[in-house]
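A short write-up of the structure that comes next.
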Amino acid sequence: MTAKRIIIVHGGAWNIPNSLIDLHKAAVAESASIGMKMLTNGGSSIDAVESAVRSMEDKVFFNAGKGAARNSEGELELDAMIMDGATLKAGGVAAVKNIFHPITLARRVMELTDHVLIVGDGARKFARKCGIVEQRIEDLLSRDEAKLYDELNSKPATVKKLFAGDTVGAVAIDVDGNITAGTSTGGLSGKLPGRVGDTPLPGCGAYADNQSGGVSATGWGEAITRVVLSKHACDLMVKGVSSQEACEAAVGMLAQKVKGWGGLIGIDAKGGLGVAYNTGRMARAFLTEEMNTPKPSV
Ligand code: ASP
């Protein structure tokens, strides 16, 4: 049986200011198009999610890859994971430095090792082993991007400390009905060195199971982790709840149980799409194979 190819992506749930709306809409639309191109060219949902997330990791205004938030010592420590709903294999990296595509490293963990999560220096060593070139942020930011980054990060320390947002993620279903979910982040701005959020933890920052669906989460990582948010939404989908209702129920549960905030995107096994968030805005875009252009919203 051939399934309908679908991709949905997000660029984080937070109070996106008016001045950044167009930028974020264009970037999530581009990411969805890149993922759909992969699917229509015969790529798997793993290829689609990886390529869609990579395109957002390249944008300096997202809190992922080269635009990632700094920790309290001014360093980038990145978290990412990807999960294959066909096999329930997952790969993640946490607190990894000096690479700009942690989603690709997470995929290598899933496909090339027997592990689920590799952190810190070990992840950096594994990246070297995989031939992933180490980067210096100064080498990668164009002058315009560097300026934008400085503007975005000129908030007072007290505001920065609490800031989370702009994390990126994607969920896709391919022609074989295989569902993949992935998420990538720099975590909370000003976080303690070594802090790991929800993003690289299966069931928290993302989850995928062909029998239920796939979900990518964003928001306050400590709260999301404590309620295992993505798995919660998938557990509802396996009972026949639609992706939209499952995402709404999961975000409601996050708020009610742990006063958490954030958002989810999802695709259920029937190809139904879901989006829910309890922040001011959430940048997202989806594309099905029947559509010509993606539909971005914030
Ligand atoms: N969930 C991420 C974290 O807490 C941040 C975010 O999604 O904006 O690390």
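This chain uses plain numbering: 1 for the first residue, then up along the sequence. Both ligands and their constituent atoms are indexed starting at 1 by order of listing.
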query = How does R195 reach ligand 1, by side chain, by backbone, by both or by neither, if only non-hydrogen atoms under 4.0 Å count?
reply = side chain

request  = Decide whether an N or O pair under 3.5 Å exists between T167 and ligand 1.
outcome  = yes

task = Report the C-alpha distance between T199 and T183 in whole Å, list the side-chain angles of each, state the deciding distance to 0.1 Å, and finish with yes or no for side-chain hydrogen bond (donor to acceptor under 3.5 Å, both in side chains).
result = CA-CA 6 Å; T199 301; T183 311; over 6 Å; no

message = When you compare ligand 1 with T185, is there at least one nitrogen or oxygen pair between them that comes in under 3.5 angstrom?
response = no

request  = State whether D235 and K231 are salt-bridged, where the test is any N-O pair (Lys NZ or Arg NE/NH1/NH2 against Asp/Glu carboxylate O) under 4.0 Å.
outcome  = yes

request  = Kindly assign one of parallel, tilted or perpendicular to the pair F62 and H24, based on the angle between their ring planes and the thresholds 30° and 60°.
outcome  = perpendicular

query = Between E50 and T104, do the side chains contain an N or O donor and an N or O acceptor separated by less than 3.5 Å?
reply = yes

query = Taking 4.0 angstrom as the limit, do K4 and E290 come out as a salt bridge?
reply = yes

ask   = Counting each atom of ligand 1 from 1 as listed, which ones have a heavy atom of T218 under 4.0 Å away?
value = 6 (C), 7 (O), 8 (O)

note = Ranking G219, S216, G186 by closest non-hydrogen atom to atom 2 (C) of ligand 1, top hit is G219

N or O pair under 3.5 Å between G221 and ligand 1 = yes

ask   = Any N/O of D198 closer than 3.5 Å to an N/O of ligand 1?
value = yes

request  = Taking only Lys NZ, Arg NE, NH1 and NH2, and the carboxylate oxygens of Asp or Glu, determine whether E222 and R195 approach each other closer than 4.0 Å.
outcome  = yes

